[in-house]
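Reading through the structure tokens given below for one structure.
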Amino acid sequence: MLQKPRGTRDFLPDEMEARRHVERKLREVARCYGYREVCTPEFEDLELFTMRSGEGIIDEMYVFEDKGGRKLALRPEITAAVIRMYINEAKVAPKPLRWCYFADCFRYERPQKGRYRQFWQFGVELIGADTAAADAETIMLASDMLNATGVTYELKVGHLSFMKNLVKDLDPAMQRRVRAHLDKKDYDGLNATLASLDRMDLADSLTALVTTRDLAEAFEIAGAIPEKERFEQTIGSLDASGVKYSLNFGIARGLDYYTGMVFEGFAENLGAENQILGGGTYRLAHLFGGDDVASCGFAIGFDRVMVSLGDILPALVPVVGIACTEEGRTRAIEVAKALRTAGIRTEMDLMERGLGAQLAHAAKTANFAIVIGQREAESGQVTLKNLTTAEQKTVDLAAAVAEVRAFGPG
RNA sequence: GCCGGGGUGGGGUAGUUGGUCAUCCUAGAGGAUUGUGGAUCCUCCGACCCGGGUUCGAAUCUCGGCCCCGGCCCCA
């Protein structure tokens with residue numbers, strides 16, 4: 001038997017309904033903030049991703065050559081594509097641009113809990129607004145979106161300038177190494193690196209910086225930060241909005257193009273792969289030949305949110321199973337059409353079963369049964385049976401439709 | 001790429017000192033029951049991840065691969 005490719009998943013109807021339910025929640029919050037959906041190609045020129053992230057990521061992508069000899073890659077993330085799209089199509093659109101996307105990405109990695117080779121991201125990009133208000137809005141949106149899903153999480157907000165200011169005298173490669181140590185809380189490694197550079201004077205302040213959760217203290221440790229005022233304003237807006245977060249100046253994010261504010265979200269019950277959100281301010285457009293526009297965005301790891309939420313019940317929507325006899329079949333088709341026109345999920349027998357078997361099937365798959373036999377076909381009424389209460393009555397079709405629609409939130 | 005644990009009908013399982021038609025539950029189809037359902041009974045459908053090796057004989061032992069789960073690395 002054929003197996004599905006490693007790291008991919010099949011989704012049965014129950015799970016798809018749960019996923020769509022959470023997806024709708026995310027979309028709704030993004031919509032209320034004014035973010036409109038965009039869509040980019042599933043695959044792009046390989047160069048788009050290597051320009052953004054370096055040649056090293058080729059090993060972790062699905063790379064292929066098409067019949068014209070083009071080097072292409074399945075997208076491992078969406079931000080680069082969105083910025084390319086902005087440069088190609090929307091450079092002159094009125095700023096700021098508020099865009100969002102929900103799309104699948106592909107990475108060639110070892111699967112484990114919460115990590116798959118095909119996975120979905122819900123992300124937003126705010127393009128062309130280079131202000132504290134923009135930074136704050138992005139975090140508020142992230143917070144509201146995660147809240148809407150019902151996931152339990154912790155939001156950490158930081159700023160790269162603090163750490164950068166402390167290590168600005170080191171050469172760039174060493175800066176990256178120090179950042180990596182701090183990101184992993186690898187203090188032994190940090191000390192070893194600093195000792196090899198004869199810069200143990202930095203050890204205490206760096207450790208203190210990534211440990212502190214206090215803004216004033218962080219400024220004290222890191223010294224004069226050009227973005228001081230903006231970050232204070234961002235934090236002020238967050239406090240005013242009631243967003244729950246903690247400060248963390250150890251957030252390094254992997255890539256160099258992040259410029260200032262950064263934030264990450266973590267779920268509690270996910271094990272090793274517990275990051276469900278990551279984002280910050282960045283400048284990427286100039287890499288692709290565009291203007292040096294400032295952007296701010298984040299992506300939510302949709303699959304990890306779903307794993308963290310566990311089994312959630314699908315939305316309660318009414319389902320009607322129609323049971324009919326041979327004499328009632330024509331009338332049953334009319335009744336089904338009326339129910340469907342009213343937006344009600346309606347299923348008829350396709351197995352040529354007897355009335356009793358049709359009802360037995362409906363009892364397993366529906367909330368209501370409507371019986372149409374000779375009597376109903378002649379009278380024009382329908383027999384509506386509530387399969388939960390076993391209550392049954394013969395009423396006009398309109399009354400039956402109204403009663404079914406009154407069931408549940410649907 | 002590395003370490004550990006796994007893989008038996010659609011789902012869940014029994015079965016390893018190698019030995020007749022591989023166990024049970026559940027789900028599915030049909031019937032008892034051609035105007036009233038989830039009960040009960042009967043029937044049917046359906047599996048040893050793949051390949052090599054050892055053997056008279058492999059679900060069981062062995063090797064390799066594939067896939068799943070957890071962790072490492074990485075995480076844009």
Side-chain angles (χ1 to χ4, degrees), chain A residues 1-10 12 14 48-61 73 75-83 105-117 119 121 123 180 183-184 186 251-258 262 264 266 270-280 282 284 287 297-299 301 304 307 321-329 332 349-378 382-394:
Chain A
M1 190 160 65
L2 279 177
Q3 291 174 319
K4 60 188 180 295
R6 184 178 167 97
T8 62
R9 291 157 294 160
D10 293 322
L12 289 164
D14 280 350
L48 177 70
F49 303 114
T50 54
M51 278 163 73
R52 178 195 189 218
S53 309
E55 298 287 324
I57 62 160
I58 291 178
D59 288 341
E60 287 155 48
M61 284 196 294
R75 59 187 175 201
E77 51 95 29
I78 314 277
T79 299
V82 168
I83 296 303
C105 303
F106 303 85
R107 295 184 189 176
Y108 195 84
E109 296 185 295
R110 180 82 161 77
Q112 58 193 69
K113 185 174 188 182
R115 176 190 280 185
Y116 310 97
R117 289 185 170 182
F119 59 98
Q121 287 193 335
D183 198 40
K184 274 178 251 173
D186 174 17
I251 300 174
R253 303 295 297 156
L255 292 180
D256 291 334
Y257 63 77
Y258 281 101
V262 288
E264 297 180 335
F266 299 88
L270 281 182
E273 300 292 325
N274 66 341
Q275 188 179 338
I276 56 171
L277 174 145
Y282 63 90
L284 200 50
L287 283 180
F298 64 85
R304 291 185 186 173
V307 171
I322 292 196
C324 67
T325 64
E326 204 43 52
E327 305 79 51
R329 177 158 292 276
D349 173 60
L350 304 175
M351 307 287 276
E352 300 184 340
R353 285 193 256 239
L355 196 61
Q358 289 183 53
L359 279 160
H361 183 256
K364 284 180 239 175
T365 58
N367 314 100
F368 294 91
I370 285 181
V371 180
I372 309 289
Q374 188 162 16
R375 293 202 292 271
E376 287 82 0
E378 285 166 4
V382 301
T383 297
L384 176 69
K385 182 160 191 158
N386 182 321
L387 291 164
T388 311
T389 62
E391 189 187 336
Q392 177 173 322
K393 54 191 162 189
T394 299

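Given the structure is predicted, the values throughout are model-derived calculations rather than measurements.
- Comparing the P positions of B/C25 and B/C41 gives a spacing of 10 Å, expressed to the nearest Å.
- A/Glu352 places its CD atom 10 Å from the P atom of B/G30, with the value rounded to the nearest Å.
- Atom name C1', nucleotides B/G9 and B/A14: the rounded distance is 14 Å, in whole Å.
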Side-chain donor/acceptor pairs under 3.5 Å, residues 106-113 of chain A, sequence neighbours excluded:
from	atom 1	to	atom 2	distance (Å)
A/Arg107	NE	A/Pro76	O	2.8
A/Arg107	NH2	A/Pro76	O	3.0
A/Gln112	NE2	A/Glu273	OE2	3.4

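- For A/Tyr116, the side chain to side chain contact (heavy atoms under 4.5 Å, CB included) partners two or more places apart in sequence, or in a different chain, are A/Arg9, A/Asp303, A/Val307.
- Between the CZ atom of A/Phe368 and the C1' atom of B/G37 there is a distance of 15 Å, given to the nearest Å.
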Dump the pairs, protein N or O against N or O of nucleotides 33-36 of chain B, anything under 3.5 Å, distances to one decimal.
from	atom 1	to	atom 2	distance (Å)
B/G35	O6	A/Gln374	N	2.5
B/G35	O6	A/Arg375	N	2.7
B/G35	N1	A/Glu376	OE1	2.9
B/G35	N2	A/Arg375	NH2	3.3
B/G35	N2	A/Glu376	OE2	2.8
B/G35	N3	A/Arg375	NH2	3.3
B/U36	O2	A/Lys385	NZ	3.0
B/U36	O2	A/Gln392	OE1	3.2
B/U36	N3	A/Gln392	OE1	3.2
B/U36	N3	A/Gln392	NE2	3.1
B/U36	O4	A/Gln392	NE2	3.1

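- Across all strands, A/Ala323 comes closer than 4.0 Å to no nucleic acid atom at all (heavy-atom distances).
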Legend entry - Per-nucleotide protein contact string for nucleotides 67-73 of chain B (B base, S sugar-phosphate only, - none; heavy atom under 4.0 Å): SSBBBBB
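- Nucleotide B/A76 holds its C1' atom 14 Å from the CD1 atom of A/Ile83, rounded to whole Å.
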Distances under 3.5 Å between protein N/O atoms and the N/O atoms of nucleotides 26-29 of chain B, please, pair by pair.
from	atom 1	to	atom 2	distance (Å)
B/A29	OP1	A/Arg353	NH1	3.4

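- Qualifying ring pair (Phe, Tyr, Trp, His ring centres under 6.0 Å) partners for A/Phe119, counting only residues two or more places apart in sequence or in other chains: none.
- A/Lys364 meets the side chain to side chain contact (heavy atoms under 4.5 Å, CB included) test with no other residue; sequence neighbours excluded.
- Taking A/Leu48 as the reference, A/Glu44, A/Ala80, A/Ala81, A/Arg84, A/Phe288 meet the side chain to side chain contact (heavy atoms under 4.5 Å, CB included) condition, with sequence neighbours excluded.
- Applying the side chain to side chain donor-acceptor pair (under 3.5 Å) rule to A/Thr383 yields the partners A/Glu376, A/Thr394; only residues at least two apart in sequence or on another chain are considered.
- Taking the P atom of each, B/G4 and B/C45 are spaced 43 Å apart, rounded to whole Å.
- In this structure a side-chain-to-backbone donor-acceptor pair under 3.5 Å is present from A/Asp349 to A/Arg353.
- One interatomic measurement links the two molecules: CD of A/Gln358 to P of B/G30, which rounds to 11 Å at whole-angstrom precision.
- Not a single side chain to side chain donor-acceptor pair (under 3.5 Å) links A/Glu60 to another residue, sequence neighbours left out.
- For the side chain to side chain contact (heavy atoms under 4.5 Å, CB included) test, residues two or more places apart in sequence or in another chain that qualify with A/Ala73 are A/Leu46, A/Phe49, A/Met61, A/Val63.
- In this structure, A/Gln121 contributes its side chain and A/Gly123 its backbone to no donor-acceptor pair below 3.5 Å.
- Pair check for B/U16 finds none; no Watson-Crick or G-U wobble contact set falls under 3.5 Å.
- Across the protein-nucleic acid pair, A/Asn367 atom CG and B/G37 atom P stand 19 Å apart, rounded to whole Å.
- Nucleotides B/G37 and B/C21 place their P atoms 44 Å apart, quoted to the nearest Å.
- Across all strands shown, B/G64 pairs with B/C50; the Watson-Crick or G-U wobble distances both stay below 3.5 Å.
- When atom types are taken as modelled, the side chain of A/Thr8 and the backbone of A/Lys4 share no donor-acceptor pair closer than 3.5 angstrom.
- Rounded to whole Å, the P atom of B/G10 lies 38 Å from the corresponding atom of B/C73.
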